[in-house]
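The chains referred to below are lettered A, B, ... by the order of the sequence lines, with proteins before strands, and numbering in each begins at 1.
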2 protein chains.
Amino acid sequence: MTMTLRELDQRMDLFRSRCMERGLALTHQRWVIYRILAGTDKHLTPEAAFGQIRKQIPSISLATVYKNIKTFLDVGLLQEVGTSGQMMRLDANLDPHHHLVCVRCKAIQDLSAEGLRPVRLKGRLPKGFRVERFNVTFLGLCGQCSPRYTASTRH
Amino acid sequence: MTMTLRELDQRMDLFRSRCMERGLALTHQRWVIYRILAGTDKHLTPEAAFGQIRKQIPSISLATVYKNIKTFLDVGLLQEVGTSGQMMRLDANLDPHHHLVCVRCKAIQDLSAEGLRPVRLKGRLPKGFRVERFNVTFLGLCGQCSPRYTASTRH
DNA sequence: GTATATGCAAAACCTTTGCTATAGT
DNA sequence: ACTATAGCAAAGGTTTTGCATATAC
């Protein structure tokens, strides 16, 4: 866990002010849902978040979690990580950054944009395309899954 | 359409030889499914491909299309483009390349790896992570969707 | 008090699976 | 002939929707 409490507090402050700006009610559920998503760097799936959230609000419904995730995506409090096919992966890190994706266990780690030399185009983009942002995805095996370790490990 | 007939023929040659190597039967369905997917640079969804394929084989079933897509992914005749959430997007371009994704209409265009100066790390990757490959996704608005055009266009 | 959000159940959507018949080698 | 594949229908998993009740403002 690289997330400090101070960083989480900052995220929750942003959450509160963004909700007020957008006229979103500060419900207990909404608060807890965002706190779980913002309090980890693991890029949770909705299902996984639901599991955590339910520990705090046993009566919460999965639909509420989904509805709020959608709201958070709409107002820019959350981003979706582009994965292939499977479940939605959520990211409350709003700073420019990239991703390391383990092709085996599907873990996703962040890599700060400062960790990379600027990406630069050689030529020209297709006519008319306006880039808003970009992100680099590194695919490979994480420490847990890389052969060095798995060779001596039961699967 | 940037795909030439010659390029498509090359892809179909690879398809044939890869099937033989792997002991995959060259059925009419399999051939047509791959030809549709390999004959466009639009990164079709399974559903969209099914629509095209059905024009040539009206009796084909969607399950057959899915099964073959999975097979093609397994044997490396196809790759999946990492999108956020929605449907699977397929890519028969096996050369190193990146993607331009329109956030509005979801169109995906290829950008050859030569179009980009090499991506380079400044620091070190998280301990133990072994990169196999990487890809850059540029998000923005395509020519069709960019404000310049939409301002004078009905939605 | 009014608007918005929750919870529930049902639906929608995309993808996979099991099985029998059919086609490829 | 033997093995792999197609087609069908049914199931599986994820996400969305509609509506009545409850909560925030």
Side-chain angles (χ1 to χ4, degrees), chain A residues 15-37 43-75 77-90 106, chain B residues 15-37 43-51 53-54 56-75 77-90 106:
Chain A
F15 166 77
R16 182 190 274 114
S17 55
R18 185 68 52 93
C19 284
M20 290 174 85
E21 279 165 37
R22 301 300 201 106
L24 298 172
L26 281 162
T27 64
H28 179 50
Q29 287 88 337
R30 184 165 281 161
W31 181 269
V32 171
I33 293 168
Y34 195 71
R35 199 168 209 279
I36 290 295
L37 290 166
H43 308 83
L44 299 178
T45 63
E47 215 26 81
F50 180 57
Q52 301 283 115
I53 294 158
R54 214 166 14 174
K55 291 179 192 163
Q56 293 179 45
I57 312 177
S59 61
I60 201 168
S61 86
L62 184 55
T64 297
V65 173
Y66 270 104
K67 281 175 190 163
N68 277 288
I69 286 171
K70 215 182 170 193
T71 302
F72 298 154
L73 292 168
D74 283 348
V75 303
L77 279 167
L78 224 53
Q79 287 179 202
E80 201 175 341
V81 180
T83 53
S84 295
Q86 330 102 224
M87 268 174 284
M88 208 188 289
R89 298 292 291 261
L90 301 163
K106 315 297 181 197
Chain B
F15 166 77
R16 181 189 274 115
S17 55
R18 185 69 50 94
C19 284
M20 290 174 86
E21 279 166 36
R22 301 299 202 105
L24 298 172
L26 283 161
T27 63
H28 179 50
Q29 288 87 338
R30 183 165 282 162
W31 180 269
V32 171
I33 293 168
Y34 195 72
R35 200 167 209 281
I36 290 294
L37 290 166
H43 309 83
L44 298 178
T45 63
E47 219 20 87
F50 180 57
I53 294 158
R54 211 162 21 170
Q56 292 180 45
I57 312 177
S59 62
I60 201 167
S61 86
L62 184 54
T64 297
V65 173
Y66 270 104
K67 281 176 192 164
N68 277 287
I69 285 171
K70 215 182 168 193
T71 302
F72 298 154
L73 291 169
D74 283 348
V75 303
L77 279 166
L78 226 50
Q79 286 178 204
E80 200 175 342
V81 180
T83 53
S84 295
Q86 329 104 220
M87 268 175 284
M88 208 188 288
R89 298 290 294 259
L90 301 162
K106 316 297 182 198

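- Put simply, CG on A/Asn68 is 12 Å from C1' on C/dG7, counting in whole angstrom units.
- Among the nucleotides C/dT6, D/dA24, D/dT15, the one closest to any side-chain atom of A/Thr64 is C/dT6.
- Looking only at side-chain heavy atoms (C-beta outward), B/Leu44 and B/Arg89 stay at 4.5 Å or farther from each other.
- Scanning both residues, A/Asp74 and A/Arg22, for their nearest heavy atoms gives O-NH2, 4.4 Å.
- Taking only side-chain nitrogens and oxygens, A/Gln29 never comes nearer than 4.0 Å to OP1 or OP2 of D/dT23.
- Phosphate contact (OP1/OP2 of C/dG24, side-chain N/O of B/Thr27, threshold under 4.0 Å): absent.
- For the pair B/Ala63 and B/Gly23, both in contact range of DNA chain D, the more 5′-proximal nearest nucleotide belongs to B/Gly23.
- Rounded to an integer number of Å, the gap from CD1 of A/Ile57 to P of D/dT23 is 12 Å.
- Side-chain proximity of B/Pro46 to C/dT15, C/dT17, C/dG7: nearest is C/dT15.
- Taking side-chain N and O atoms only, B/Tyr66 has no distance below 4.0 Å to OP1 or OP2 of C/dT16.
- With C/dT16, D/dA6, C/dA5 as the choices, the nucleotide that has an atom nearest any side-chain atom of A/Arg30 turns out to be C/dA5.
- Atom-to-atom, CZ of B/Arg16 to P of C/dG24 comes out at 15 Å; the value is rounded to the nearest Å.
- In terms of position along DNA chain C, the nucleotide closest to A/Ile33 lies nearer the 5' end than the nucleotide closest to the other residue of the pair A/Ile33 and B/Glu47.
- Applying the 4.0 Å criterion to OP1 and OP2 of D/dA6, one finds that B/Ser61 has every side-chain N and O outside that range.
- Of all heavy-atom pairs spanning B/Tyr34 and B/Leu78, the tightest one is CE1-CD1, 3.8 Å.
- Dashed line: the shortest gap from a side-chain N or O of A/Ser59 to OP1 or OP2 of C/dT6 is not under 4.0 Å.
- Closest contact between the side chain of B/Lys67 and the listed nucleotides D/dC8, D/dA24, C/dC8 involves D/dC8.
- Proximity of the aromatic rings of A/Phe15 and A/Phe72 is defined here by a centroid distance below 6.0 angstrom, and this criterion is met.
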